[in-house]
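Accompanying notes for the structure given below.
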Amino acid sequence: MIFVENLPIYVQIANDIKDQIVAGKLADGDKLLSLREYSLLYAVTALTMQRALGLLEAEAVIDTKKGVGSFVKAGAAAQLKVRSVDELVNDFIARAGKMGLNSAQIMHRVAQGVAKIGGEAK
């Protein structure tokens, strides 16, 4: 993995693990690699890896059982997908608002976009 400079490495690693969960590479209840294995995989210190796993635990994506390991929480993929969509929607609304669109105009544009791709706005 190639790390970018403008985001802490542990956040990038946590995001990578979340991407694996969303993609189905890690499923509900799957045991994650050990701290040491992840440290070697990402070529980072154990402390950096510990921070990444701590972040995932704080976000309720994984559960860690002392002496046993870390596991993907049930429903984590669905939760992460909802969060991602919410972030996209909030970002879109904020950017459209900065361009001077009001709520009605934003909703109209969204409905047009959905209709254009063959979906149905609800």
Side-chain angles (χ1 to χ4, degrees):
M1 179 173 186
I2 298 171
F3 299 112
V4 295
E5 290 184 25
N6 60 345
L7 194 62
I9 291 173
Y10 75 94
V11 173
Q12 294 177 64
I13 292 170
N15 288 342
D16 187 53
I17 293 171
K18 287 189 276 190
D19 289 345
Q20 291 174 40
I21 293 168
V22 169
K25 294 176 184 173
L26 290 169
D28 291 354
D30 278 358
K31 184 176 182 183
L32 301 182
L33 298 175
S34 71
L35 194 65
R36 185 176 187 281
E37 290 169 320
Y38 271 130
S39 296
L40 292 170
L41 178 68
Y42 289 108
V44 296
T45 66
L47 178 60
T48 298
M49 207 52 235
Q50 201 169 25
R51 286 176 130 179
L53 294 177
L55 180 60
L56 293 171
E57 193 163 21
E59 292 180 1
V61 174
I62 65 170
D63 276 323
T64 301
K65 298 174 185 169
K66 193 167 179 138
V68 179
S70 297
F71 301 85
V72 177
K73 260 191 160 178
Q79 172 192 343
L80 289 168
K81 288 175 186 177
V82 168
R83 274 193 219 160
S84 292
V85 169
D86 287 348
E87 288 174 12
L88 288 170
V89 168
N90 291 336
D91 182 54
F92 169 74
I93 291 168
R95 293 173 93 186
K98 286 179 183 175
M99 289 186 242
L101 275 70
N102 64 34
S103 296
Q105 292 169 318
I106 293 170
M107 291 300 294
H108 179 73
R109 299 299 293 169
V110 169
Q112 282 182 325
V114 170
K116 188 176 182 178
I117 61 170
E120 189 177 310
K122 295 183 180 186

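Heavy-atom basis, side chains included; hydrogens, waters and symmetry copies ignored. Please read these numbers as outputs of a predicted model, since none were measured by experiment.
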Inter-residue atom distance [X].[atom1] - [Y].[atom2], 0.5 Å rounding:
X: L53; Y: I17; atom1: CG; atom2: CD1; value: 5.5 Å
X: S34; Y: L40; atom1: OG; atom2: CG; value: 8.0 Å
X: Q112; Y: I117; atom1: CD; atom2: CD1; value: 13.0 Å
X: K65; Y: S70; atom1: NZ; atom2: OG; value: 10.0 Å

Residue pairs fulfilling salt bridge (Lys or Arg N to Asp or Glu O under 4.0 Å) with at least one residue in [range], sequence neighbours excluded:
range: residues 102-115; result: none
range: residues 66-79; result: D63-K73
range: residues 19-37; result: none

Those residues that, when tested against S39, pass side chain to side chain donor-acceptor pair (under 3.5 Å) (two or more places apart): none
Check against side chain to side chain contact (heavy atoms under 4.5 Å, CB included), F71 and T64: CA-CA 6 Å; F71 301 85; T64 301; over 6 Å; no
Salt bridge (charged side-chain N to carboxylate O under 4.0 Å, His left out) partners for D91, two or more places apart: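 R95.
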Residue list, salt bridge (charged side-chain N to carboxylate O under 4.0 Å, His left out) with E57, at least two apart or on another chain: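 For E57, no residue satisfies salt bridge (charged side-chain N to carboxylate O under 4.0 Å, His left out) once neighbours in sequence are set aside.
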Main-chain N/O of N102 paired to Q105 side chain as donor or acceptor, under 3.5 Å: yes
L55 reachable from L32 in the ILVMFWY side-chain graph, under 4.5 Å edges: no
Cluster overlap V82 with V22, hydrophobic side-chain contacts below 4.5 Å: no
Nearest atoms (heavy-atom pairs only) where I62 meets V72: CG2-CA, 4.3 Å
Non-hydrogen atoms of I93 and I106 that approach each other most closely: O-CD1, 4.1 Å
All side-chain contact (heavy atoms from CB on, under 4.5 Å) counterparts of V85, not counting sequence neighbours: V89
Remaining members of hydrophobic cluster (4.5 Å side-chain criterion), L88: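 So far as hydrophobic clustering goes, L88 is joined with none.
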In a table with atom names and distances, give each donor-acceptor pair under 3.5 Å that connects a side chain of residues 1-12 to protein atoms at least two apart or in another chain.
unit_1: Q12; atom_1: OE1; unit_2: V4; atom_2: N; d: 2.8
unit_1: Q12; atom_1: NE2; unit_2: V4; atom_2: O; d: 2.9
unit_1: Q12; atom_1: NE2; unit_2: L7; atom_2: O; d: 2.5

CA sep, side-chain torsions, deciding dist, call: I13, Y38, side chain to side chain contact (heavy atoms under 4.5 Å, CB included): CA-CA 9 Å; I13 292 170; Y38 271 130; 5.9 Å; no
What donor-acceptor contacts under 3.5 angstrom involve side-chain atoms of residues 45-52, with partners at least two apart or in another chain?
unit_1: T45; atom_1: OG1; unit_2: T48; atom_2: N; d: 3.2
unit_1: T45; atom_1: OG1; unit_2: T48; atom_2: OG1; d: 3.1

